[in-house]
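Please read these numbers as outputs of a predicted model, since none were measured by experiment.
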Amino acid sequence: MMTSKEGSIPRHAEPAGSPRNTDRSPVASPPGRLSGRPFTDGMLTRRTSLNLPPQIPLDEWSKIGHEIFVISESSTWWLGDWLIYGQAQYPDRYMHAIAKTSLDYQTLRNYAWVARRYSVTRRRPALSFQHHAELASLPEEQQEKWLDRAEKFAWSRNELRNRVRASRKAARAADDEDGSDVLSIEMNVPADRKQRWLEAASTTKQDLLSWIVSILDNAADTVIGLPDDDHAISGKEG
């Protein structure tokens, strides 16, 4: 089997004698494998299809699938960092540039928000982008604790979500046992509004619930004045 030169992007061409179909999406050459090993020569990629050469050995076919998965998983981080760069370098023009692509801006914003919550050195290669997204609204210390556990016990994203929810539920129950007067509020808001709130909370280095409580406290102070005694209201995001 012939492979392209190490580290290079393989060239893909239509088989000899194939008719040219101008309605088909253009051929897109995939980048070299993240491990440094290039894709199989002769593999034809398009926007909506993957055409593999005949008689690929099983181990080679398996490696191709793994590399496609790695690229797919990495692309969310890449797109998030890409948008952050554009916002910083071209604050007046990046929106116009995005409009010329088929990229969904709200999706990009979600990726960028998660990417901002984790410096490159804190991102765990063994965990998915979705693992990180589940914890993005938490303070950094809590993020690290849950990332450590998810990595150690090989939790899926859903398992991590369930564990975090169970921990919050247990914490609320402990507050109730202490006899504290807890007000539970359930809100249903559009996803884009919640995202705006999460971004606002992030700028103040607070989780979402703490940020909401601080906003409500400020509003109450404006309407009825400061409380007589100095006290703090704390809560846990549900």
Gap between atom OG of Ser156 and atom CD of Gln130 - 0.5 Å precision: 11.5 Å
Please determine whether a side-chain nitrogen of the Lys or Arg among Glu159 and Arg163 lies less than 4.0 Å from a carboxylate oxygen of the Asp or Glu. yes
Would you say Arg117's side chain and Leu138's backbone share a donor-acceptor pair under 3.5 angstrom? yes
Those residues that, when tested against Ser62, pass side chain to side chain contact (heavy atoms under 4.5 Å, CB included) (two or more places apart): none
Considering residues at least two apart in sequence or located in another chain, which fulfil the side chain to side chain contact (heavy atoms under 4.5 Å, CB included) criterion with Leu160? His131, Glu134, Leu135, Trp146, Ala150, Trp155, Val164
Under a 4.0 Å threshold between the charged nitrogen and the carboxylate oxygen, would Glu199 count as salt-bridged to Arg109? yes
Using 0.5 Å steps for rounding, measure from the CD1 atom of Ile68 to the CG atom of Leu50. 5.0 Å
CZ of Arg122 to NE2 of His132, rounded to nearest 0.5 Å, is 8.0 Å
Okay, side chain of Tyr111, backbone of Trp77: is any donor-acceptor separation there less than 3.5 Å? no
Heavy-atom closest pair, residues Ala112 and Ile84: O-CD1, 3.7 Å
Keeping Gln143 on the side-chain end and Ala136 on the backbone end, is there a donor-acceptor pair under 3.5 Å? yes
Once side chain to side chain contact (heavy atoms under 4.5 Å, CB included) is applied, do any residues pair with Ile215, and if so which ones, sequence neighbours excluded? Trp211
Which residues pass the side-chain hydrogen bond (donor to acceptor under 3.5 Å, both in side chains) test with Arg165, sequence neighbours left out? none
Find the distance between OG (Ser128) and CZ (Phe69) and round it off to the nearest 0.5 Å. 7.5 Å
If you apply the rule side-chain contact (heavy atoms from CB on, under 4.5 Å), what do you find for Ser137 with Trp113, and how did you get there? CA-CA 10 Å; Ser137 63; Trp113 179 75; 4.2 Å; yes
Would you check if Leu79 and Leu83 make a side-chain contact, meaning some heavy-atom pair closer than 4.5 Å? no
Residues in side-chain hydrogen bond (donor to acceptor under 3.5 Å, both in side chains) with Arg196, at least two apart? none
CG/Leu147 to CZ/Arg123 distance, rounded to the nearest 0.5 angstrom? 12.0 Å
Which heavy atom in Leu208 sits nearest to a heavy atom in Ala201, and how many Å separate them? CA-CB, 4.1 Å
What residues form a salt bridge (Lys or Arg N to Asp or Glu O under 4.0 Å) with Asp192, not counting sequence neighbours? none
Quick one: which residue pairs count as a salt bridge (Lys or Arg N to Asp or Glu O under 4.0 Å) with a foot in residues 48-58, not counting sequence neighbours? none
Any side-chain heavy atom of Trp82 within less than 4.5 Å of one from Ser75? no
Sequence neighbours excluded and cut-off under 3.5 Å, please list the side-chain donor-acceptor pairs for residues 86-100, or say none.
{"unit_1": "Gln87", "atom_1": "OE1", "unit_2": "Arg116", "atom_2": "NH2", "d": "2.1"}
{"unit_1": "Gln87", "atom_1": "NE2", "unit_2": "Tyr94", "atom_2": "OH", "d": "3.4"}
{"unit_1": "Tyr94", "atom_1": "OH", "unit_2": "Tyr105", "atom_2": "OH", "d": "3.2"}

Can you name the salt bridge (Lys or Arg N to Asp or Glu O under 4.0 Å) partners of Arg149, sequence neighbours left out? none
Any heavy-atom pair between the side chains of Thr76 and Val114 that's under 4.5 Å? no
Does some side-chain heavy atom of Asn51 sit less than 4.5 Å from a side-chain heavy atom of Met43? no
Single-linkage hydrophobic cluster Ile56~Leu58, side-chain heavy atoms < 4.5 angstrom: yes
Sequence-distant partners of Ser102, side-chain hydrogen bond (donor to acceptor under 3.5 Å, both in side chains), two or more places apart: none
Lys169: side chain to side chain contact (heavy atoms under 4.5 Å, CB included) partners, not counting sequence neighbours: Arg172
Tell me, please, which residues at least two apart from Asp148 pass side-chain hydrogen bond (donor to acceptor under 3.5 Å, both in side chains). Arg124
Below 4.5 Å, heavy atoms only, C-beta onward: do Val70 and Glu73 meet side chain to side chain? no
